Amino acid sequence: MPKIPHRLYLTEEQMPSQWYNLRADMPEQPDPMLDPGTLQPLTEEALYPIFCKELARQEMDSQTRWVDIPEGILEEYRIYRPSPLIRAYNLEQTLDTPAKIYYKYEGNNTSGSHKLNSAIAQAYYAKQQGLKGVTTETGAGQWGTALSEACAFYGLDLQVYMVKCSYEQKPFRKAVMGVFDANVTPSPSPTTEIGRRILAEYPDSTGSLGCAISEAVEKAVSSENYRYVLGSVLNQVLLHQSIIGLEAKTAMDILGEYPDIVIGCAGGGSNLGGLIAPYMRDKLTGQGGPRIVAVEPASCPSFTRGKYAYDFCDTGKVTPLAKMYTLGNGFMPAPNHAGGLRYHGMSPILSKLYHDGYMEAVAVKQTEVFEAATLFATKETILPAPESSHAICQAIKEAVKCRESGEAKTILFGLTGTGYFDMMAYEAFKNGAMTDHVPTDEELAVGFASLPRLG
Ligand SMILES: *Cc1c(COP(=O)(O)O)cnc(C)c1O
């Protein structure tokens, strides 16, 4: 029997009762969101037509370091949390590495991903405010699934705009959302002005997250007693996801472990921002801290090849402007890409931290990601989501480096979810039909041309 257990679950007493707000410890704040009309920083009140009040408040609050998690949310968290911290003994052995590999596994709930952590919080606050329902978009479908569950739990109506190619490729995702009575519309759709405009211009559009966001926002602001909710990118979502890192750090502390490297996949940045939160705090407060590595797809490389600039969060240009690493709101990721990390932008908090040198980023290719995913599934008995597998891929690379250098580093990565709805991608990989699309500089230039010019 190994000295350190394979899986460590915190007790209910050890579970965090507060979220941690990274901004409170940042020496420099991310640049503020701007009103696209006036180019002035947005006020909290200006967000009220879009977000429910408490979430608008959390979005703008850069001061409060620790935020109490309401009992009504903790009750739900306790049903599927804590999530386990797992030592990947089998993977270590297979790689013949002196490195110790830990992962925090967020796939142990019906929605199959970490997204439920923020979905519950957002649905709870919407219900508290007495709203009738919420609207949202979903790309690969995990957010829509998580939010469907949360809305069903708290008794809210839900309208989901689902990126059309996912809607067609993942019929079972839609079916799961149906179990929870969510209304799912493929995007772009004729149900909104923006959807109709995009369809008129690109009748064959398979959709994008940015386009689905435009539709969901339009639907929310034009329907009484509805607000819009978003599953990533926003400050409030990173706040809710800090539960991942706080649990992970408590568990690592119990084991007497401190990571040398923390790795997470980055789509809009929510799981990564959550996982790294307490470790980033150590860095920000001058207490050392690990190397922090964001992993993104080479087909949608916001950090590694994007620009740090103000951009719209959506294709229809209806949202506020955020300063972030972005490929441009007009960037259309390759449709053959299997993972759900296809958003053009990145969390403004993580963008600022990356810009200021507090973290690193790497881009990996789709086929190497699925190679890592299948090895991991074989050795660790979990079929990982393609998104999560980006982190696995990088963790394996770091562990192999340790084998070569003989250093026994401690690696922690985020395993954000399961891949049971991604079997077409796994099949394509196994059949040898999967390709790697890496956009050329010319292709990226098309996206950059869509960046708004400010003054
Ligand atoms: C949505 C999703 C991601 C990417 O989103 P982030 O906001 O960057 O965390 C990663 N993994 C899974 C399983 C997801 O569902």
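All ligand and atom numbering here is 1-based and tracks the order in the structure. Being a predicted model, the structure only gives us computed values, none of them experimental.
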Would you kindly specify which portion of [X] sits under 4.0 Å from ligand 1, judged on non-hydrogen atoms: side chain, backbone, both or neither?
| X | answer |
| --- | --- |
| Ser270 | both |
| Ala266 | backbone |
| Lys115 | side chain |

Under a 4.0 Å threshold between the charged nitrogen and the carboxylate oxygen, would [Y] count as salt-bridged to [X]?
| X | Y | answer |
| --- | --- | --- |
| Arg23 | Asp61 | no |
| Lys323 | Asp31 | yes |
| Lys401 | Glu398 | yes |

Is the NZ or CZ atom of Arg87 positioned over Tyr102's six-membered ring, under 6.0 angstrom from the centre and within 45° of the axis?
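Yes.
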Residue [X] vicinity, atoms of ligand 1 by number, heavy atom under 4.0 Å:
| X | value |
| --- | --- |
| Glu387 | 10 (C), 11 (N), 12 (C) |
| Thr416 | 10 (C), 11 (N), 12 (C), 13 (C) |
| Ser232 | 6 (P), 7 (O) |
| Ser113 | 13 (C), 15 (O) |

Between atom CD of Gln122 and atom SG of Cys151, what is the distance when rounded to the nearest 0.5 Å?
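The distance works out to 9.5 Å.
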How would you list all residue pairs meeting salt bridge (Lys or Arg N to Asp or Glu O under 4.0 Å) that involve residues 299-321, not counting sequence neighbours?
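Checked against salt bridge (Lys or Arg N to Asp or Glu O under 4.0 Å) - neighbours excluded - the pairs reaching residues 299-321 are Arg305-Asp441.
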Any nitrogen or oxygen of [X] lying under 3.5 Å from a nitrogen or oxygen in ligand 1? Just yes or no.
| X | answer |
| --- | --- |
| Gly267 | yes |
| Gly268 | yes |
| Leu341 | no |

Cut-off 3.5 Å, side chains only: do Thr304 and Glu296 have a donor facing an acceptor?
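Per modelled atom types, Thr304 and Glu296 side chains form a pair under 3.5 Å.
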Does ligand 1 have any atom sitting under 4.0 Å from a heavy atom of His114?
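Flag set, His114 near ligand 1.
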Partner residues of Arg281 under the salt bridge (Lys or Arg N to Asp or Glu O under 4.0 Å) criterion, sequence neighbours left out
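Per chain and number, Arg281 pairs via salt bridge (Lys or Arg N to Asp or Glu O under 4.0 Å) with Asp25.
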